[in-house]
Amino acid sequence: MLQGNKGEWSEIYTLLKLVSDQGVYAGDEDLNKVEEMFFILLKILRDQTSGQYAYTFDREQSLVVIQGNEEIFRLPIATFQEQAQLLLTKLQGRTSRTFAMPELETFLRSFGCDSLKSRASQKTDIHLVVHDQRTGTTPQLGFSIKSQLGAAATLLNAGRTTNFVFRIDNNKEGFTQELATQINQIEGGSKLKRRVQAIEAQGGTLRFVRTENSVFGNNLVLIDSCLPAILAEMLKLFFGSSISSVAELVGEIAAQNPLNYDLAHEQPFYAYKVKRFLTDVALGMMPAQVWRGVLEATGGYLVVRDDGELLCYHIYNRNAFEDYLFHQTKLETASSSRHDFGTIYEESGAWWLKLNLQIRFIR
């Protein structure tokens with residue numbers, strides 16, 4: 001029996017919605033539909049447990065299902081419209097973490113759909129062959145699916161690989177073991193923010209030294225040599241204030257200009273570099289894997305809004321895709337015990353603190 005959470009069932013909803021609409025609208029940075037930009041679908045490809053299936057359309061408003069070079073199913077598209085609406089209604093009414101939908105499973109298996117989600121190691125959930133009206137081409141593109149029907153998805157998952165290491169400098173009277181212990185004993189809600197604020201209240205300054213994981217650090221440098229320092233400034237501001245949205249953090253840092261860029265011509269140094277980072281994370285970069293700049297999700301994102309509307313953020317329309325990521329993400333605090341950060345420690349005659357980077361979609 002097929003069983004999963006709202007995010008996993010949203011992948012099935014996306015498939016049904018794509019078939020029923022035979023295309024998808026572009027979205028803007030505020031998750032609004034761009035009426036004048038509609039991508040016509042020629043083919044959908046999805047990996048199932050039993051292999052890859054291709055879905056195409058005929059002139060009789062039927063979906064043609066192909067495995068290998070053989071046609072194995074042919075179903076009316078109107079059925080997909082009905083089933084997509086049924087699934088959406090079920091998802092909007094569900095509160096449990098994981099669940100089955102036996103009323104839908106028979107239909108799904110009737111066209112070879114025997115799995116809810118793509119392999120976890122992939123950024124790409126589904127491949128589409130689209131007709132690009134601007135270029136006249138029909139590229140095959142890989143898309144990652146994000147859904148608002150369940151809990152907000154993460155863009156960058158936390159791990160020890162995403163820890164940033166800071167040295168505590170310029171303390172007025174010097175850190176002592178007693179002071180470090182006192183700050184480390186701060187518990188309860190927002191304990192990490194209150195620990196960072198306590199360090200600053202004692203005259204301590206967090207100086208970024210390195211990422212804990214060298215592969216992640218090198219990946220960031222490959223994207224932009226200043227990116228580790230910029231993200232470190234974002235972390236310091238996040239843990240030292242009430243600001244969490246990426247756009248607001250970058251705006252505040254740009255006003256402070258800690259990297260001393262020449263802002264005479266009002267060039268968006270910080271926003272541009274962070275947008276490049278978010279885009280590379282969205283399309284393939286993973287902290288623990290060596291990144292060579294090869295995009296895995298070559299098309300972009302498909303976003304399921306909470307009202308069931310499906311929007312496409314196409315990498316060909318890079319500005320809109322970057323703006324969506326920039327304005328729809330935030331930093332959040334992950335588990336400090338699981339990822340080993342947020343505790344002051346002494347090493348090599350200095351005092352240190354690690355802060356962790358995790359990025360989640362706002363909605």
Side-chain angles (χ1 to χ4, degrees), residues 1-21 24-25 27 31 44-49 53 80 83-105 107-109 113-128 141-159 162 246 278 281-287 296-297 299-313 321 324-325 327-335 338 358-363:
M1 179 176 291
L2 297 177
Q3 187 163 333
N5 58 35
K6 283 189 175 184
E8 291 163 344
W9 278 106
S10 291
E11 292 195 25
I12 299 299
Y13 174 77
T14 298
L15 174 61
L16 301 182
K17 180 71 170 169
L18 288 170
V19 171
S20 63
D21 294 350
V24 59
Y25 282 98
L31 291 166
I44 304 169
L45 299 104
R46 188 174 190 269
D47 291 329
Q48 311 287 357
T49 302
Y53 286 75
F80 284 83
Q83 296 295 319
Q85 185 57 50
L86 172 64
L87 178 53
L88 175 62
T89 302
K90 296 288 185 181
L91 288 175
Q92 290 173 329
R94 290 283 181 173
T95 57
S96 54
R97 288 179 177 267
T98 61
F99 46 88
M101 291 196 184
E103 64 270 42
L104 192 72
E105 186 164 345
F107 171 70
L108 296 178
R109 294 190 182 278
C113 184
D114 58 9
S115 61
L116 295 187
K117 59 180 294 185
S118 61
R119 294 191 298 272
S121 60
Q122 292 182 330
K123 285 278 188 176
T124 300
D125 297 317
I126 197 167
H127 287 84
L128 307 178
L141 304 169
F143 287 87
S144 177
I145 297 170
K146 299 297 179 183
S147 174
Q148 293 187 333
L149 294 172
T154 54
L155 177 65
L156 181 73
N157 289 315
T162 62
V246 167
L278 296 174
V281 171
L283 298 181
M285 194 277 279
M286 296 184 180
E296 186 174 319
Y301 271 23
L302 296 172
V303 179
V304 183
R305 285 194 330 205
D306 53 12
D307 63 355
E309 186 66 63
L310 187 64
L311 300 176
C312 174
Y313 290 88
F321 185 52
Y324 159 71
L325 296 173
H327 290 282
Q328 296 295 329
T329 52
K330 65 179 180 178
L331 268 59
E332 71 170 11
T333 306
S335 169
R338 181 184 306 167
Q358 176 162 285
I359 304 175
R360 185 176 293 276
F361 286 92
I362 293 173
R363 53 185 178 136

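The 12-atom threshold is not exceeded at CZ of Arg338, counting heavy atoms of other residues, nucleotides or ligands nearer than 6.0 Å.
Between Leu86 and Phe107 the shortest side-chain heavy-atom distance does not fall below 4.5 Å. Contact check for Asp21 versus Leu310: no side-chain heavy atoms found under the 4.5 Å cut-off. Counting heavy atoms from C-beta outward, Gln83 and Leu104 have side chains that approach closer than 4.5 Å. Between Arg46 and Ile12, some side-chain heavy-atom pair lies under the 4.5 Å cut-off. A 4.5 Å side-chain heavy-atom check between Leu302 and Leu18 finds at least one atom pair inside the cut-off. Between Ile359 and Val281, every side-chain heavy-atom pair lies at or beyond the 4.5 Å cut-off.
Across every non-hydrogen atom of Leu15 and Cys113, the tightest pair is CD2-SG, 4.5 Å. The heavy-atom pair separating Ser20 from Lys17 by the smallest distance is OG-O, 3.0 Å. Shortest non-hydrogen contact noted between Gly300 and Leu283 is CA-CD2, 3.9 Å. The two residues Gln358 and Ala334 come nearest to each other via the heavy atoms OE1-CB, 3.9 Å. Closest approach of Leu325 and Ala282 over heavy atoms only: CD1-CB, 3.9 Å. Of all the heavy atoms in Leu311 and Val24, the pair that sits closest is C-CG2, 4.0 Å.
Rounding to the nearest 0.5 Å gives a distance of 13.5 Å between CE of Met286 and OG1 of Thr162. Here the CD atom belonging to Gln328 is positioned 7.5 Å from the CD atom belonging to Gln148, to the nearest 0.5 angstrom. Remark: Ile126 CD1 to Ser144 OG distance equals 11.0 Å, nearest 0.5 Å. In this structure, the separation between CG on Leu87 and CD on Glu103 is 9.0 Å, given to the nearest 0.5 Å.
Thr329 is linked by a side-chain hydrogen bond (donor to acceptor under 3.5 Å, both in side chains) to nothing, counting only residues two or more places apart in sequence or in another chain. Checked against ring-ring contact (aromatic ring centres under 6.0 Å, His included), Tyr53 has no partners two or more places apart in sequence or in another chain. Evaluation of the side-chain hydrogen bond (donor to acceptor under 3.5 Å, both in side chains) rule for Asn157 yields Thr154 as partners, not counting sequence neighbours. For Asn5, there are no side-chain hydrogen bond (donor to acceptor under 3.5 Å, both in side chains) partners at least two apart in sequence or on another chain. When the ring-ring contact (aromatic ring centres under 6.0 Å, His included) test is applied to Tyr324, the partners found at least two apart in sequence or on another chain are Tyr313, Phe361. With sequence neighbours excluded, the residues forming a side-chain hydrogen bond (donor to acceptor under 3.5 Å, both in side chains) with Arg305 are Asp307, listed by chain and number.
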- What do the steps show when you test Leu31 against Glu309 for side chain to side chain contact (heavy atoms under 4.5 Å, CB included), and what is the final call? CA-CA 10 Å; Leu31 291 166; Glu309 186 66 63; over 6 Å; no
- Could you walk me through whether Leu155 and Tyr301 pass side chain to side chain contact (heavy atoms under 4.5 Å, CB included), step by step? CA-CA 11 Å; Leu155 177 65; Tyr301 271 23; 3.2 Å; yes
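Under the 3.5 Å distance criterion, the side-chain polar atoms of Glu11 are left unmatched by any main-chain donor or acceptor of Ile145. In this structure a side-chain-to-backbone donor-acceptor pair under 3.5 Å is missing from Gln92 to Leu149. Under a 3.5 Å cut-off, the side chain of Trp9 and the backbone N or O of Phe99 do form a donor-acceptor pair. With Lys6 contributing its side chain and Leu91 its backbone, the two residues share a donor-acceptor pair below 3.5 Å.
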